[in-house]
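I am attaching a structure below and will ask some questions about it afterwards.
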Amino acid sequence: MYAVIDCNNFFVSCERLFRPDLEMKPVAVLSNNDGCIVSRSNEVKALGIPMGGPAFKYADILKEHKVTVFSSNFSLYADISHRVMSVISRYAPEMEMYSIDEAFIQIDNLNDQYLLEYGENIKAVILREVGIPVSIGVSSTKTRAKLANELAKTSDLGVAVIPQNSVITHAEKISVSDVWGIGRALTQILSEHGIVTVNQLIACDEVWVRKNLTLSGLKVVQELKGISCIPFEEFRTAKQSIISSKSFGIPVTTITQIKEAVASYTTRAAEKLRAEHECASHIGVSLTTNIHSKNTRQYYNSSTHRLLEPTNYTPELISEALKIVDKLFRTGYLYKKAVVSLVGLDSEKAVQQGLFRSNGLSRNSSTHTKQRSLMNVIDHVNCEYGSGTVAYLAEGISKQWKGRRERSSPRYTTRWEELAVATASR
DNA sequence: TCTGGGGTCCTAGGACCC
DNA sequence: TCTGGGGTCCTAGGACCC
């Protein structure tokens with residue numbers, strides 16, 4: 001059996017941890033650039049504010065209902081996530097951390113009654129030791145467990161079990177859009193064929209499903225029937241790609257600013273790459289205007305370059321990324337966003353050296369060693385004294401294109417100078 | 001003024017090989 | 001004259017997830 005443990009309104013719950021005065025009060029957390037609403041307390045959900053809704057559109061209603069709004073504070077969320085995961089891992093020898101706020105575990109040899117108790121126990125301990133409320137769903141496949149989790153969210157216990165080999169109760173009342181793996185597009189296709197509920201989906205002919213919903217859709221249907229198709233992945237598999245992508249705080253028109261931003265995103269991506277001890281064989285850049293803007297000319301373009309040899313050396317990656325910008329950039333547009341992606345990742349150790357460099361000289365191992373030492377030192381300094389302490393000039397100085405982050409809470413748990421302070425009240 | 005970011009997997013089509 | 005088919009690799013795009 002699988003259990004999926006999912007933190008409730010995770011970012012909001014993290015903020016409340018250090019602001020107990022916000023319990024039972026409406027709270028929302030915004031995405032990068034303070035753009036979208038990405039985490040909502042139950043009170044905010046009740047106001048009808050949707051997940052991912054643009055913040056400016058709901059500014060009035062947020063103000064009217066005195067919603068406390070935070071910019072996202074990922075240092076804090078990552079640290080709290082780590083604490084939650086460490087509690088969960090005590091309950092199961094095998095755990096798959098699926099996302100920042102969610103984990104699968106395998107539990108076997110317990111009958112249904114004990115499964116429920118087991119879940120309640122995990123939930124209580126996480127709440128007591130970390131302070132984060134969770135919901136737990138248990139069933140025989142991951143997709144069924146996720147569905148049980150949906151049911152758990154609205155149950156009093158916060159835990160739900162869909163027993164093995166049993167039909168899903170009330171499946172005729174659950175919408176296909178609540179199923180893990182059925183998104184907007186598939187919901188639309190299904191509804192065009194009169195399929196709106198989970199029991200209708202399960203009853204579908206599998207050949208039809210394969211043809212109309214592709215292989216992923218077929219897996220979903222089989223998983224709902226109790227046939228496991230999505231494997232349990234205890235050990236995190238190596239990343240396939242690393243992406244750094246951000247919207248600009250202001251519309252950007254000049255290639256100079258685009259290049260600064262792209263150099264900066266490349267630097268972030270390369271840091272992640274080295275943290276994974278990997279090298280990339282390709283680098284891609286894309287530029288786009290504001291797709292939401294009605295009255296301005298639109299432009300989108302992207303390109304991927306193969307690197308001479310796989311590398312994680314920032315200066316080389318920046319230089320290649322900037323060449324791509326030269327290729328993509330057109331004057332006369334209001335640019336909104338740039339994306340840098342590193343793909344074709346392989347372990348540092350496995351990387352084969354190219355025989356020739358572009359300048360015709362072979363790159364000897366001492367060049368490699370020097371590059372690696374330099375990156376090591378810079379990564380260390382930036383880790384110790386804060387990101388950007390040592391930066392590349394290509395990233396620019398004033399960085400006018402940077403996004404907004406105006407309502408961030410302190411990094412309570414990861415920066416000495418931002419520790420929470422306890423004060424005695426009279 | 002203001003509409004997220006970081007991932008994965010799947011499919012289709014073109015180029016190329018034998 | 002007969003104008004194939006299987007395979008791989010690459011790229012772009014779309015769908016999904018949180």
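A note on names: the letters A, B, ... follow the listed sequences, proteins ahead of strands, and every chain is numbered from 1.
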Could you give all pairs that pass the ring pair (Phe, Tyr, Trp, His ring centres under 6.0 Å) test and reach residues 197-229 of chain A, with sequence neighbours left out?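 Only A:H193-A:W208 qualify under ring pair (Phe, Tyr, Trp, His ring centres under 6.0 Å).
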
Nucleic acid contacts - residues 95-103 of chain A versus DNA chain C, non-hydrogen atoms under 4.0 Å: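 Correct list: A:Y98, A:S99, A:D101, A:E102.
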
Intra- and inter-strand pairing of DNA chain C, written as dot-bracket with Watson-Crick and G-U pairs under 3.5 Å and | for the latter, reads ....||||||||||||||

Quick test of your reading: applying ring pair (Phe, Tyr, Trp, His ring centres under 6.0 Å), list the pairs with at least one residue in residues 319-344 of chain A, sequence neighbours left out, ordered by first then second residue.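 Applying ring pair (Phe, Tyr, Trp, His ring centres under 6.0 Å) to every pair that reaches into residues 319-344 of chain A, excluding sequence neighbours, yields A:Y299-A:Y333, A:F329-A:Y335.
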
DNA chain B contacts among residues 321-338 of chain A, heavy-atom distance under 4.0 Å: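 Going residue by residue through residues 321-338 of chain A, the ones with a heavy atom under 4.0 Å of DNA chain B turn out to be A:K336, A:K337.
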
Salt bridge (charged side-chain N to carboxylate O under 4.0 Å, His left out) pairs, two or more places apart, involving residues 42-59 of chain A: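 As it turns out, the salt bridge (charged side-chain N to carboxylate O under 4.0 Å, His left out) pairs with a partner in residues 42-59 of chain A, which skip direct neighbours, are A:R16-A:E43.
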
Would you mind classifying the nucleic acid contact of A:K142 as base, sugar-phosphate or nothing, using non-hydrogen atoms under 4.0 angstrom?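 Nothing: the residue A:K142, judged by heavy atoms under 4.0 Å, touches no strand.
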
Close approaches to DNA chain B from residues 54-86 of chain A, in residue order (heavy atom, under 4.0 Å):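 Close to the strand are A:P54, A:F56.
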
Pair listing, ring pair (Phe, Tyr, Trp, His ring centres under 6.0 Å) test, anchored in residues 151-185 of chain A, at least two apart: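 For residues 151-185 of chain A: A:Y98-A:W180, A:F104-A:W180.
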
In B/S/- notation (B base, S sugar-phosphate only, - none; protein heavy atoms under 4.0 Å), nucleotides 9-15 of chain C written 5' to 3' is ------S

Please tabulate, for side-chain N and O atoms in residues 75-88 of chain A, each donor-acceptor pair with protein atoms closer than 3.5 Å (sequence neighbours left out).
unit_1, atom_1, unit_2, atom_2, d
A:Y77, OH, A:E15, OE2, 2.6
A:Y77, OH, A:N73, N, 3.3
A:D79, OD2, A:R83, NE, 3.4
A:D79, OD2, A:R83, NH2, 3.0
A:D79, OD2, A:T413, OG1, 2.7
A:S81, OG, A:I100, O, 2.6

Which pairs count as side chain to side chain donor-acceptor pair (under 3.5 Å) when at least one residue sits in residues 382-394 of chain A, sequence neighbours excluded?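 Checked against side chain to side chain donor-acceptor pair (under 3.5 Å) - neighbours excluded - no pair reaches residues 382-394 of chain A.
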
Strictly by side chain to side chain donor-acceptor pair (under 3.5 Å), give each pair with a member in residues 59-72 of chain A just once, sequence neighbours left out.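 Counting only pairs at least two positions apart or across chains, the side chain to side chain donor-acceptor pair (under 3.5 Å) contacts touching residues 59-72 of chain A are A:D34-A:S71.
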
